Amino acid sequence: MTTRVRFAPSPTGYLHIGSARTALFNYLYAGHTGGKFLLRIEDTDAARSTDESTRSILEGLKWLGFAPDEEIVFQSNNAPKHRAIALKLLAEGKAYRDFTPKETRADGNIKQSIADRARQNQGEKNMRDNPFRDLPKEESDAKAGAGEPFAIRLKVPETGKTVFEDAVYGTQERDYKETEDLVLLRSDGHPLYNLAVVCDDIEMEITDVIRGQDHLTNTHKQVLIYEALGETAPRFAHLPLILAPGGKKLSKRIHGEIVSMTTYRDSGFLAAAFRNFLALLGWSAGEEREIYTLDELVEKFSLEHIHKNNAVFNFDQNNPKHWTDDKAIWMNAEYVRQMPLVELLPFVKAELKSAKLWRDEYEDEDRAHFERTIDLIRERFFTLKDFSNQGRAYFSEDFDFDPKAIDKNLKKFPDLQTWLPELADRLETIEDFTHDNLEAVVKNFAEEKGAKLGVIMNGARALLTGLAVGPSMLAVFEILGKEKSILRLKSRIAWN
RNA sequence: GGUCGGUUCGUCUAGGGGUCUAGGACACCGCCCUUUCACGGCGGCGACACGGGUUCAAAUCCCGUACCGACUACCA
C-alpha cells in the first residue's frame with residue numbers, strides 16, 4: 001500500500017514555523033516512502049478562518065517548495081458529509097443529542113478559563129454524567145422535533161481504554177474515563193475538529209498522520225471515533241514542538257513576525273537553507289553533518305530518528321544581530337556562499353530587481369563580469385538582502401557610506417584627501433587593470449608617500465564601497481574596473 | 001487539579017550498559033591569515049536535572065523527586 005500523508009493547517013494565521021516543519025516532515029516521509037503528500041485546509045471554524053490566512057499559508061508552502069500531489073481539500077466543503085456521519089452515529093446509538101445550552105465564553109483567555117474550570121473539577125469527575133446521555137430515543141426525538149437546539153456528542157463507552165502506537169512516542173494508552181463525551185456536531189450544525197479530521201482522513205485514505213505533539217491527546221478522541229465508525233485508524237507519528245527561548249510557547253502575539261514563514265522569505269533567506277535548518281529541528285540523521293540537499297533529506301528521513309523532546313527556536317528580540325536563530329542564519333550563509341553560482345543567480349537577480357539595481361546586460365553582454373562580481377562578494381554575505389544592501393556599490397553609483405568606515409578609514413588620515421585622487425591618476429596609467437599590476441602601482445604609491453599600505457587600501461575601500469569590510473581591495477579594484485575606481489577615488493562626497 | 005509527554009554544553013544535537021577523561025554544529029572568546037573584514041585555519045569555554053536502585057560496569061535500564069511542556073472548548 002502506498003503511503004498517503006497530509007499536511008492540514010487551519011487558516012487562522014500565516015504559516016507558522018512549527019507548521020512549516022510539520023509540512024516538511026510529511027513531505028519528506030511521503031518522498032522517502034514513495035507515497036503522496038496531500039494538503040487539506042482545515043477551515044471548519046468559520047469565525048476564525050480567513051482567506052487571507054489560506055493565501056499566506058499557500059504562499060509559504062510554495063516558497064518552501066512543497067507542492068501537494070493531489071488537489072487541495074478544503075475541509076469546509078465536506079461539512080455536509082461530516083454532518084451525515086454524525087447523524088449516522090446518532091441513529092446507531094453511538095452518539096446522543098445533548099440539549100444542554102451552549103456555554104458562552106468570554107473571548108479573553110479561553111485557555112485560562114478552561115484550565116481553571118478543569119482545576120475546579122477536583123478529584124473524581126465523571127465524564128459520563130450528562131443527563132441527556134441516556135435519554136430515551138422517543139424523548140430525545142420529541143425535544144429535537146420541538147425545535148430545541150442540541151449538540152451531538154459521542155457516547156464514549158463506560159469502560160475500556162484507547163490504545164494506539166505512536167511512531168515517535170511509543171504505545172499510548174488512555175482510560176475511557178479520562179475522555180469526555182466529545183462534541184461531534186455543534187448545535188448550529190457545524191462539525192467539529194475531531195469529527196472532521198477523522199472523516200476526511202478516511203475519505204482521503206490517509207495512511208500516516210504526522211502532526212504536532214499538541215494533538216497527542218486528541219488522538220485518543222479520534223481513535224474513539226474510528227472505533228465508532230468501524231474503521232481502522234491510520235498510523236500516527238507526533239512531532240515534538242518548537243518552542244520559544246525559555247521553553248515557552250512560540251506565539252504570534254508575543255513573538256510576532258519571527259514565527260512566520262514569509263518573514264524569512266522576505267528577509268532574503270533561501271528556501272533550501274531554511275528547509276535544511278527546519279529538518280534538523282527535532283530530527284537528525286544520526287551523523288555529524290549539517291548540510292543536506294532536499295534529495296538527501298528525503299533519502300535519509302525516517303520516523304525513528306524523530307526526537308521526543310521539544311526544541312527551542314533560539315533568538316533574541318532585543319538584539320538585532322540575533323533577531324532569529326543563529327543557526328538558521330549560518331545555514332543560509334552557507335547556502336549563499338556555497339551553492340553553485342548558476343543556482344544562486346536567479347535569486348540574486350530577483351533581489352536586485354526588487355531593489356531597482358538590476359540591469360539586463362547582467363545576463364547578456366556583461367554576464368561574465370556580473371558572475372565574477374557575485375562570486376566575489378558572496379563570500380561574506382548571509383542573506384540575499386546583502387546583495388542589495390552591502391553589495392549596492394557594486395551595482396550602482398548611488399550607495400551609502402557607513403559613518404564608521406568614513407571615520408576609521410578616511411577622516412583619521414587627512415592626507416588621504418589629496419592622496420586618493422592622486423592614486424586615481426596613477427590607476428589611469430594602468431593598461432591591464434588586473435591584480436598584479438594594481439598591486440605594483442598601489443604599493444609603489446604608498447611607498448612614495450611614506451604611508452602604510454593598509455591606510456591607502458582601507459581608505460580606498462571606504463571610498464569605493466562605502467564600507468570598512470569586504471573582499472581583498474585589489475580584487476575590488478579589479479571587479480569594479482578602472483573607470484569606476486577612478487571616479488570614486490576622486491569623488492569628494494564621502495568627505496562631507 | 002487531572003491525564004499524557006519530556007529532561008545531554010547558552011541553542012540544535014550524537015550517543016541506547018563498557019570504545020564517554022561524553023562527539024559534532026551554531027553562538028561566544030582567543031590566536032593565526034588578511035597591512036580591512038563579517039571569509040578561512042587552529043584552539044578555548046561549555047552538558048548527561050536531582051536522589052535512590054539494578055549491574056563487575058549506567059548518560060544509557062528501573063523507581064522516586066524536581067522542573068518544563070501539551071491537553072483538559074459546541075477552537076483547531
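Computed from a prediction, not measured in an experiment: that's the story for all the values here. Throughout, protein chains are lettered first and strands after them, A, B, ... in sequence-line order, and every chain is numbered starting at 1.
- Applying the 4.0 Å criterion to OP1 and OP2 of B/C68, one finds that A/K248 has every side-chain N and O outside that range.
- Considering A/T44, A/I41, A/D43 in turn, A/D43 is the only one that fulfils the side chain to side chain contact (heavy atoms under 4.5 Å, CB included) rule with A/S49.
- Ring centroid separation for the pair A/F381 and A/F387 comes in under the 6.0 Å cut-off.
- The side chain of A/R186 has B/C74 as its nearest neighbour among B/U36, B/A76, B/C74.
- Picking from B/C71, B/C37, B/C75 the nucleotide with the shortest atom distance to the side chain of A/R380 gives B/C37.
- Residue A/L216 places its side chain closer to B/C4 than to any other of B/A38, B/C4, B/A76.
- The side chain of A/E288 lies closest to B/G23, out of B/C74, B/A70, B/G23.
- For B/U55, there is no paired base (Watson-Crick or G-U wobble, both distances below 3.5 Å).
- As the counterpart of B/A25, B/U11 is assigned, both hydrogen-bonding distances of the Watson-Crick or G-U wobble pattern falling under 3.5 Å.
- The side chain of A/W330 approaches B/A27 more closely than any other nucleotide in the set B/G5, B/U35, B/A27.
- Using a cutoff of 4.0 Å between basic side-chain nitrogens and carboxylate oxygens, A/K412 and A/D407 are not scored as salt-bridged.
- Nucleotides of RNA chain B nearest to A/N314 and A/Q390 differ in position, and the one nearer the 5' end is that of A/N314.
- Nucleotides B/C68 and B/C31, compared at atom P, are 41 Å apart to the nearest Å.
- B/C67 is paired with B/G6 under the Watson-Crick or G-U wobble criterion, all donor-acceptor distances under 3.5 Å.
- The CZ-P distance, from A/F381 to B/G40, rounds to 15 Å in whole Å.
- Under the Watson-Crick or G-U wobble criterion, with both distances below 3.5 Å, B/G46 has no partner in any strand shown.
- Remark: C1' of B/G5 and CD1 of A/I306 are 15 Å apart, rounded to the nearest angstrom.
- Straight-line distance from the CZ atom of A/F413 to the P atom of B/U36: 12 Å, rounded to whole Å.
- Spacing of P atoms, B/A38 relative to B/C32, comes out at 13 Å, to the nearest Å.
- Rounded to whole Å, the P atom of B/U65 lies 14 Å from the corresponding atom of B/G1.
- The same atom, P, is picked in B/C4 and in B/G64; the two are 12 Å apart, to the nearest Å.
- Here B/U35 presents its P atom at 10 Å from CZ of A/R461, a figure rounded to the nearest Å.
- Comparing B/G5, B/U36, B/A76 by their closest approach to the side chain of A/Q172 singles out B/G5.
- In this model, no side-chain donor or acceptor of A/D214 finds a partner on the base of B/A76 within 3.5 Å.
- Nucleotide B/C39 has no partner under the Watson-Crick or G-U criteria, as no pair reaches both atom distances under 3.5 Å.
- Ring geometry for A/F399 against A/F401 counts as tilted: the plane angle lies between 30° and 60°, on a 0 to 90° scale.
- What separates CD of A/E178 from P of B/G1 is a distance of 16 Å, to the nearest Å.
- Residue A/K404 places no side-chain N or O under 4.0 Å from the OP1 or OP2 atom of B/A38.
- OP1 or OP2 of B/C74 lies within a sub-4.0 Å distance of a side-chain N or O belonging to A/R153.
- A cation-pi contact, defined as under 6.0 Å to the ring centre and within 45° of the axis, is absent between A/R235 and A/F164.
- On a pure distance criterion of 3.5 Å, a polar donor-acceptor pair joins the side chain of A/S187 and the base of B/C74.
- For the C1' atoms, the distance from B/C61 to B/C75 is 41 Å, rounded to whole Å.
- Within the structure, every side-chain polar atom (N or O) of A/H305 is placed at least 4.0 Å from both OP1 and OP2 of B/A14.
- Judged by closest nucleotide on RNA chain B, A/A328 is the one of A/A328 and A/E379 placed further toward the 5' end.
- Set against B/A73, B/A76, B/G69, the side chain of A/I114 has B/A73 as its closest nucleotide.
- Listed pair A/T44 / B/A76 meets the phosphate criterion, a side-chain N or O lying under 4.0 Å from OP1 or OP2.
- Set against B/U7, B/A14, B/G40, the side chain of A/S284 has B/A14 as its closest nucleotide.
- For the pair A/R426 and A/F445, the cation-pi test (distance below 6.0 Å, angle within 45°) is failed.
- Checked against the 6.0 Å centroid threshold, A/F301 and A/F25 count as a close aromatic pair.
- Here A/K102 reaches the OP1 or OP2 of B/C75: one of its side-chain N or O atoms lies under 4.0 Å away.
- Listed nucleotides B/C74, B/C12, B/U36 differ in distance to A/A151; the shortest reach to its side chain belongs to B/C74.
- For the P atoms, the distance from B/C67 to B/A47 is 23 Å, rounded to whole Å.
- Among B/U36, B/C28, B/U11, the nucleotide with an atom closest to any side-chain atom of A/D325 is B/U11.
- In terms of phosphate contacts, A/H307 brings a side-chain nitrogen or oxygen within less than 4.0 Å of OP1 or OP2 of B/U13.
- Using cut-offs of 30° and 60° on the angle between ring planes, the pair A/F313 and A/Y264 is perpendicular.
- Look at the C1' atom in both B/C9 and B/U3: the space between them is 33 Å, to the nearest Å.
- The interatomic distance linking A/E290 (CD) with B/A27 (P) rounds to 11 Å, in whole Å.
- For A/R174 against B/C4, no side-chain N or O and base N or O form a donor-acceptor pair under 3.5 Å.
- Aromatic pair A/F315/A/H255: ring centres closer than 6.0 Å.
- Separating the P atom of B/A59 from that of B/G17 is a span of 13 Å, rounded to the nearest Å.
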